[in-house]
Amino acid sequence: MTVNDPIERLKKIVGNQGVLTSDSQTAYYRSGFRSGFGGALAVVFPNSLLELWETLKISVEANYAIIMQATKTGLTEGSSPSGFDYDREVIVINITRIKKIILLDKGKQVVALPGSTLHELEKELTSINRAPHSVIGSTTIGATVVGGIANNAGGALCKRGSSYTELSLFARVDKEGNLELVNHLGIKNLGETPEEIFKSLEAGNIPIEDIGELDKAASDRDYQQRIRKMDADIPNRYNADPNRLYEVSGSAGKVVAFAVRVDTYPMPESKQVFYLGTNNPDDFSRLRKHILGKFSELPEMCEYMNRGIFDTAKKYGKDVFLSIKHIGTKRLPKLYALKSNLEYFLNKIPFIPKFLPDQFLYYISKVFPEHLPQRLVDYRNQYEHYLILYMSDEGINEARNYLEQEWSNLKGVGFFECNETEQEASLLHRFAAAGAAIRYQTMNQKETEEVLALDIALLGNDSEWMERIPNDLEQHLDLSLYYGHFMCHVFHHDYILKKGTNVKAIKDKLLQRLDEKNAKYPAEHNVGHMYPADKSLREHYEKLDPTNTFNPGIGFTPKESHKKCDN
């Protein structure tokens, strides 16, 4: 290597320890959270906004394909290389070291630098009795604020929709191939040059008189009105909604976000979780229609699970439940990275079962006593379907009165008010459900194919939200699991297929059935490298990244460079 070699130049910017090049060192960062793998020349870890800017300049000059990466919590392979068929070298830029959260106007809004996580934001806001713009499932394992916005991440909140902002600072490569910094943060006096802007942001002191453009959205502010429109001809939220594609929002790494400005919200003064059970899905449909149509206060969250996913999460998600409860969320991202690196080495050894660390964690968890409160287990035995209805403040009595006076009069239903232990357990159990199918498949890999995971947005008035699988498909399924965000009709369907089944053929048939219902998919995890981007999403990508420098191939788009000099 020479002094002009881009990798050597990158090492001078971020330090030798900040550039990984060996296959073993980069393996974790070249893989997706659930699936996906590809090649990369290097993984670079900038320590500051200026180092990120200098890294980009060198990478663009070298004509690298650039993949931006945070904590890799996405489920559709969108933040890692996909395969080994790029037309140029690939470089992964991981921004997890660039952390800072700046409170604006006593915390009514914040500016988040690219490595700041939703968990860190939540912790910062707790001290001033505020809540973040979004809460998503991967908040617990390190999802970043920027990552959520770049992917229009959905989340579980009924009062606030997908992660969204119109106020950001980002870098892009224009159609002439020039790197430029675009400052749309709406904050005055940050400076004119990139260096001045970065210095101002990292200093973190922004006076209230410098905060402008308050008319621009810094969260999905109209979501409460949209979720109540049950007869709309499109789902009320889905990842590629063209009305929520705006610069960094929905960019999927086609630009490089240096900072985003987002709203915060007052923390509820009181909260109460109600746990509901029924054997008839129509009972929940009636409840949903009543809450969305007549409640003055929407739930904070309303999560659905069926018995299949309850059992699977109880058995195969127990270690996740216990880890979050007893280890806490701060250490989990590093533990996941350590586990993935260990898996990489072990999976290369013949005769050792794939994903041995997962199997170890599964068997270790069996040693621990029952982790779910008895009333949750009792409802599992009595009912097939469950709702976790999380209400706050004035909404608590509104829900209590309705459940006691009207809904409980239906035949074959039940509910109870959770105590604090049951409240924590029900929400943790719902979170553990998200990875339970993967663990089930790992433990039964000799008899099953890889998990087919779909996240789906149904129309608000779709009465057949509980899927009925025809016999020609059911015969190929080892297990089908259903859970989701009930009020907004966004559901997760995890299918474990029997060994030898043509996964693509089954997926095509399932998606065809969804198309016939006018459903949208993926609903909240971005297209990644698993779904084709529709016309509006492709146009968004092309407008942001005309040279195809960043995250090429996303949404089944071309991987080839579009720079004029390469034509």
Side-chain angles (χ1 to χ4, degrees), residues 135 137 139-140 156-158 270-281 283-284 287-288 291 299-329 361-362 364-392 395-396 399-400 402-404 407-408 410-440 466 479-487 491-494:
V135 174
T139 296
T140 307
L157 298 179
C158 298
S270 55
K271 56 188 179 181
Q272 178 62 54
V273 170
F274 299 86
Y275 200 84
L276 288 69
T278 184
N279 288 311
N280 183 356
D283 294 333
F284 285 160
L287 176 139
R288 177 176 177 270
I291 289 177
E300 294 290 321
M301 292 189 287
C302 185
E303 296 295 289
Y304 168 77
M305 299 176 73
N306 76 338
R307 182 179 285 161
I309 190 63
F310 185 103
D311 290 348
T312 307
K314 181 174 182 290
K315 185 175 182 179
Y316 295 95
K318 185 176 180 179
D319 63 291
V320 173
F321 181 108
L322 295 173
S323 296
I324 296 172
K325 182 174 181 178
H326 297 295
I327 297 177
T329 56
L361 291 171
Y362 166 74
I364 285 293
S365 71
K366 293 171 70 69
V367 175
F368 290 85
E370 174 61 62
H371 59 296
L372 294 180
Q374 188 59 45
R375 282 205 290 186
L376 269 64
V377 176
D378 289 343
Y379 261 51
R380 177 265 169 225
N381 296 331
Q382 189 174 353
Y383 301 109
E384 176 73 23
H385 308 278
Y386 326 101
L387 279 185
I388 304 166
L389 181 62
Y390 183 164
M391 303 299 299
S392 63
I396 296 174
R400 182 181 289 128
Y402 170 71
L403 292 172
E404 290 177 348
W407 193 78
S408 60
L410 297 174
K411 185 178 180 180
V413 304
F415 84 94
F416 63 86
E417 296 190 26
C418 294
N419 58 36
E420 287 191 11
T421 299
E422 293 164 337
Q423 179 171 293
E424 179 190 34
S426 63
L427 294 172
L428 280 177
H429 188 54
R430 166 60 185 87
F431 175 80
I438 300 294
R439 177 63 56 77
Y440 175 93
M466 188 64 215
L479 202 62
S480 55
L481 307 171
Y482 302 95
Y483 52 103
H485 316 302
F486 192 64
M487 288 294 148
F491 294 93
H492 298 275
H493 293 184
D494 289 347

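Because only heavy atoms are used, hydrogens play no part in the values below, and waters and symmetry mates are left out as well, while side chains stay in.
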Engineer: Looking only at side chains, do H385 and Y304 share a donor and an acceptor under 3.5 Å apart?
Structural biologist: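 Yes - a donor-acceptor pair under 3.5 Å links their side chains.
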Engineer: Any salt bridge between K411 and D283, counting N to O under 4.0 Å?
Structural biologist: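 No.
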Engineer: Atom CZ of F415 and atom OG of S408: how far apart are they, to the nearest 0.5 Å?
Structural biologist: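 Here the interatomic distance stands at 5.5 Å.
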Engineer: Applying side-chain contact (heavy atoms from CB on, under 4.5 Å), run through W407 and L276 and close with a yes or a no.
Structural biologist: CA-CA 10 Å; W407 193 78; L276 288 69; 3.9 Å; yes
Engineer: Applying side-chain contact (heavy atoms from CB on, under 4.5 Å), run through T312 and L479 and close with a yes or a no.
Structural biologist: CA-CA 10 Å; T312 307; L479 202 62; 3.7 Å; yes
Engineer: Run the ring-ring contact (aromatic ring centres under 6.0 Å, His included) test against F416 and tell me which residues pass, sequence neighbours left out.
Structural biologist: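 So F416 forms a ring-ring contact (aromatic ring centres under 6.0 Å, His included) with Y275, Y379.
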Engineer: Side chain of K318, backbone of F368: donor and acceptor closer than 3.5 Å?
Structural biologist: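 Present.
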Engineer: Verify side-chain contact (heavy atoms from CB on, under 4.5 Å) between T278 and F284, making sure each step is shown before the conclusion.
Structural biologist: CA-CA 8 Å; T278 184; F284 285 160; 3.5 Å; yes
Engineer: Is E300 paired with K271 through a side-chain N to carboxylate O contact shorter than 4.0 Å?
Structural biologist: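 Result for this pair is no, no salt bridge flagged.
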Engineer: With distance as the sole test, does S392 use its side chain to make a donor-acceptor pair with the main-chain N or O of S270 at under 3.5 Å?
Structural biologist: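 Pair absent, no side-chain N/O of S392 close to backbone of S270.
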Engineer: What are the two closest non-hydrogen atoms of E303 and A156, and how far apart are they?
Structural biologist: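 In this case the closest contact between E303 and A156 is OE2-CB, 3.7 Å.
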Engineer: Closest heavy-atom contact between H371 and K314?
Structural biologist: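 In terms of heavy atoms, the two residues are closest at CE1-O, 3.3 Å.
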Engineer: Among all residues two or more places apart in sequence or in another chain, which pass the ring-ring contact (aromatic ring centres under 6.0 Å, His included) test with F491?
Structural biologist: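 Partners of F491 under the ring-ring contact (aromatic ring centres under 6.0 Å, His included) test: W465, H489.
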Engineer: I would like to know whether D378 and Q382 meet side-chain hydrogen bond (donor to acceptor under 3.5 Å, both in side chains); could you show each step before the answer?
Structural biologist: CA-CA 6 Å; D378 289 343; Q382 189 174 353; over 6 Å; no
Engineer: To the nearest 0.5 Å, what is the distance between CG on L410 and CG on L287?
Structural biologist: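 If we round to the nearest 0.5 Å, L410:CG and L287:CG are 9.0 Å apart.
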Engineer: What is the distance from atom OG1 of T421 to atom CD of E424, rounded to the nearest 0.5 Å?
Structural biologist: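 Output value for this atom pair is 7.0 Å.
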Engineer: Any side-chain to backbone donor/acceptor pair from N306 onto I309? Under 3.5 Å, distance only.
Structural biologist: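 Yes; at least one donor-acceptor contact below 3.5 Å.
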Engineer: K315 versus Y440: any side-chain heavy-atom pair under 4.5 Å?
Structural biologist: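 The answer is no, as the side chains (C-beta and beyond) never meet within the 4.5 Å cut-off.
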Engineer: Provide the closest heavy-atom pair for A313 versus A432 in the form atom of the first, atom of the second, distance.
Structural biologist: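 Looking at all heavy atoms of both residues, the closest pair is CB-C, 4.3 Å.
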Engineer: Do any N or O atoms from the side chain of R400 and from the backbone of G395 form a donor-acceptor pair under 3.5 angstrom?
Structural biologist: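 No; judged by distance alone, with no hydrogens or angles, the pair does not exist.
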Engineer: Go through D319 and I364 one step at a time and tell me if the side-chain contact (heavy atoms from CB on, under 4.5 Å) criterion holds.
Structural biologist: CA-CA 8 Å; D319 63 291; I364 285 293; over 6 Å; no
Engineer: Measure from the side-chain N and O atoms of E422 to the backbone N and O of N419, and report whether any donor-acceptor pair falls under 3.5 Å.
Structural biologist: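 Here the side-chain-to-backbone pair exists.
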Engineer: For the residue pair M305 and A433, what are the closest heavy atoms and their distance?
Structural biologist: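 Nearest pair, atom of M305 first, then A433: CE-CB, 4.0 Å.
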Engineer: I need the minimum non-hydrogen distance between Y383 and R307, along with the two atoms involved.
Structural biologist: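 That would be O-NH2, 2.9 Å.
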Engineer: Specify whether H493 and Y482 have parallel, tilted or perpendicular ring planes, treating 30° as the upper limit for parallel and 60° as the lower limit for perpendicular.
Structural biologist: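 Rings of H493 and Y482: perpendicular, as their planes differ by over 60°.
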Engineer: What are the two closest non-hydrogen atoms of F274 and A399, and how far apart are they?
Structural biologist: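 So the minimum-distance heavy-atom pair works out to CE1-CB, 4.0 Å.
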Engineer: Between the side chain of R288 and the main-chain N/O of M487, is any donor-acceptor distance below 3.5 Å?
Structural biologist: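 Looks like yes, one N/O pair under 3.5 Å.
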Engineer: Hey, does I291 have a side-chain heavy atom less than 4.5 Å from the side chain of L389?
Structural biologist: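 Yes - at least one pair of side-chain heavy atoms lies under 4.5 Å apart.
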Engineer: Going by heavy atoms in the side chains, are H485 and H492 under 4.5 Å from each other?
Structural biologist: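 Yes - at least one pair of side-chain heavy atoms lies under 4.5 Å apart.
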Engineer: Sub-3.5 Å donor-acceptor pair from the side chain of D494 to the main-chain atoms of L481, do we have one?
Structural biologist: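 Not confirmed, D494 side chain does not pair with L481 backbone.
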Engineer: Could you grab the distance from atom OG of S365 to atom CZ of F321, nearest 0.5 Å is fine?
Structural biologist: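 The OG atom of S365 sits 12.0 Å away from the CZ atom of F321.
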Engineer: Measure the spacing between CZ of F486 and SG of C158 and express it to the nearest 0.5 Å.
Structural biologist: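 That separation rounds to 11.0 Å.
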Engineer: Assess the pair F310 and Y386: is the distance between their ring centroids shorter than 6.0 Å?
Structural biologist: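 Here the rings of Y386 and F310 have centres that are less than 6.0 Å from each other.
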Engineer: Would you say that more than 12 heavy atoms from the other residues, nucleotides or ligands in this model lie under 6.0 Å from the CD of E420, or not?
Structural biologist: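 No.
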Engineer: Which distance, rounded to the nearest 0.5 Å, do you find between the CD1 of I388 and the CE of M301?
Structural biologist: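 The distance works out to 8.0 Å.
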